Amino acid sequence: MNYEDKDLNVVIISGKINVITDTNDKYIKFGITANKYTTKENQNVYVSLNISRELYYIYKDYFVKDNKIYIKGYLNSYIDKNKTIKSFITVTDVASNREEILYGKKAPHIREDDDGVLIWNGKRCDDTPATEEEIMKMEELLKEYQ
C-alpha cells in the first residue's frame, strides 16, 4: 500500500483512565485524561474511547481508574440526532508502556483472573485433569527415572 496516496487515520495517545462504562454492547466505553501541551499553558484533555470486549478482556488488568495506559487506535465519529459530530477513538492496541505501542509487543500478555486462573493473551489456562490413559503413559515414561 502506498501511504502517500491514502489518508492516515491512526491515533496514538496516553493518559490516565478517568471512567469505564460497560454498556452491554460489543464495546466497552472508557475515557482518559491526557495533557495538552501548548507553548503557553498545560491543560487537561478528555478523550472518549471504545474498546472491543475481546481486547478489553485481554488487557482487563490495565483498566483501573487513574491507571496510566498507552493506546493505539483510529478516529471514529458519527452525527447525532441534533446534527452534532461526536468523535471517539476505537482502540486497536493497549499497552502499559510507550515502546510496546510504538514498536509492538515482544511477549504475550499474561494476567491472573479474579478466580486465580492465569490468562494468556485473553485465553484462560484452566487445569484439565489427565485421563487414566494419560497417567499410565506418563508413569511408563518416568519408570526409568525412579
Side-chain angles (χ1 to χ4, degrees), residues 1-37 42-81 84-146:
M1 176 186 292
N2 185 352
Y3 286 109
E4 293 173 10
D5 298 333
K6 302 285 181 189
D7 292 330
L8 296 179
N9 186 13
V10 176
V11 176
I12 296 177
I13 191 167
S14 65
K16 289 187 176 180
I17 295 176
N18 57 41
V19 67
I20 303 166
T21 307
D22 188 347
T23 61
N24 293 323
D25 195 7
K26 66 180 184 174
Y27 291 99
I28 304 285
K29 296 183 180 300
F30 69 102
I32 63 170
T33 304
N35 289 323
K36 174 185 175 184
Y37 295 102
N42 182 359
Q43 295 179 325
N44 285 334
V45 176
Y46 304 98
V47 183
S48 178
L49 303 105
N50 285 353
I51 185 169
S52 70
R53 284 189 175 282
E54 294 81 20
L55 193 57
Y56 173 82
Y57 187 70
I58 292 171
Y59 297 105
K60 184 178 174 183
D61 54 327
Y62 292 167
F63 288 88
V64 177
K65 192 171 180 186
D66 294 325
N67 193 24
K68 180 156 185 171
I69 62 171
Y70 295 79
I71 302 291
K72 185 175 189 178
Y74 58 91
L75 188 60
N76 214 334
S77 64
Y78 64 94
I79 298 175
D80 69 8
K81 62 183 176 186
T84 303
I85 296 174
K86 301 290 185 180
S87 297
F88 57 92
I89 296 170
T90 299
V91 177
T92 57
D93 198 8
V94 178
S96 61
N97 64 66
R98 178 180 175 269
E99 288 72 29
E100 285 188 347
I101 283 296
L102 294 177
Y103 307 116
K105 294 180 176 62
K106 295 184 177 32
H109 183 71
I110 303 168
R111 70 176 178 85
E112 192 172 307
D113 211 353
D114 298 336
D115 60 358
V117 174
L118 287 181
I119 307 292
W120 179 283
N121 274 347
K123 300 209 184 325
R124 287 177 60 91
C125 300
D126 288 304
D127 287 337
T128 306
T131 64
E132 270 305 310
E133 183 180 313
E134 291 169 329
I135 291 170
M136 287 176 17
K137 186 173 183 177
M138 286 186 279
E139 287 173 352
E140 183 65 35
L141 290 170
L142 295 172
K143 254 187 192 176
E144 67 182 87
Y145 300 104
Q146 294 177 351

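Residues: numbered from 1 along the sequence shown. Computed from a predicted model, the values in this text were never measured in an experiment.
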**ring-ring contact (aromatic ring centres under 6.0 Å, His included) partners of residues 106-136, not counting sequence neighbours, each pair once** = Tyr59-His109, Tyr62-His109

**Complete:** The complete set of salt bridge (Lys or Arg N to Asp or Glu O under 4.0 Å) pairs with one or both residues in residues 119-129, sequence neighbours excluded, reads Asp113-Arg124, Asp115-Arg124, Arg124-Asp126

**Request:** For Glu54, enumerate each residue passing the side chain to side chain contact (heavy atoms under 4.5 Å, CB included) test, keeping only those at least two apart in sequence or located in another chain.
**Result:** Ser52

**Request:** Apply ring-ring contact (aromatic ring centres under 6.0 Å, His included) to Phe63 and list each qualifying residue two or more places apart in sequence or on a separate chain.
**Result:** Phe30, Tyr56

**Message:** Under the rule for side chain to side chain contact (heavy atoms under 4.5 Å, CB included), what residues qualify as partners of Asp66, not counting sequence neighbours?
**Reply:** none

**Prompt:** For Ser77, what residues pass the side chain to side chain contact (heavy atoms under 4.5 Å, CB included) criterion, not counting sequence neighbours?
**Reply:** Ile85, Ser87

**Prompt:** Which residues satisfy the salt bridge (charged side-chain N to carboxylate O under 4.0 Å, His left out) test with Asp61, sequence neighbours excluded?
**Reply:** none

**Request:** Enumerate the residue pairs fulfilling salt bridge (Lys or Arg N to Asp or Glu O under 4.0 Å) with a member in residues 137-146, sequence neighbours excluded, ordered by first and then second residue.
**Result:** Glu140-Lys143

**Message:** Could you work out, with side chain to side chain contact (heavy atoms under 4.5 Å, CB included) as the rule, every residue matching Asp25, not counting sequence neighbours?
**Reply:** Thr23

**Request:** Using side chain to side chain donor-acceptor pair (under 3.5 Å) as the criterion, list what pairs up with Asp22, not counting sequence neighbours.
**Result:** Arg53

**Request:** Taking side chain to side chain donor-acceptor pair (under 3.5 Å) as the test, write out the residues that go with Thr90, two or more places apart.
**Result:** Asn76

**Prompt:** Can you name the salt bridge (charged side-chain N to carboxylate O under 4.0 Å, His left out) partners of Lys60, sequence neighbours left out?
**Reply:** Asp114

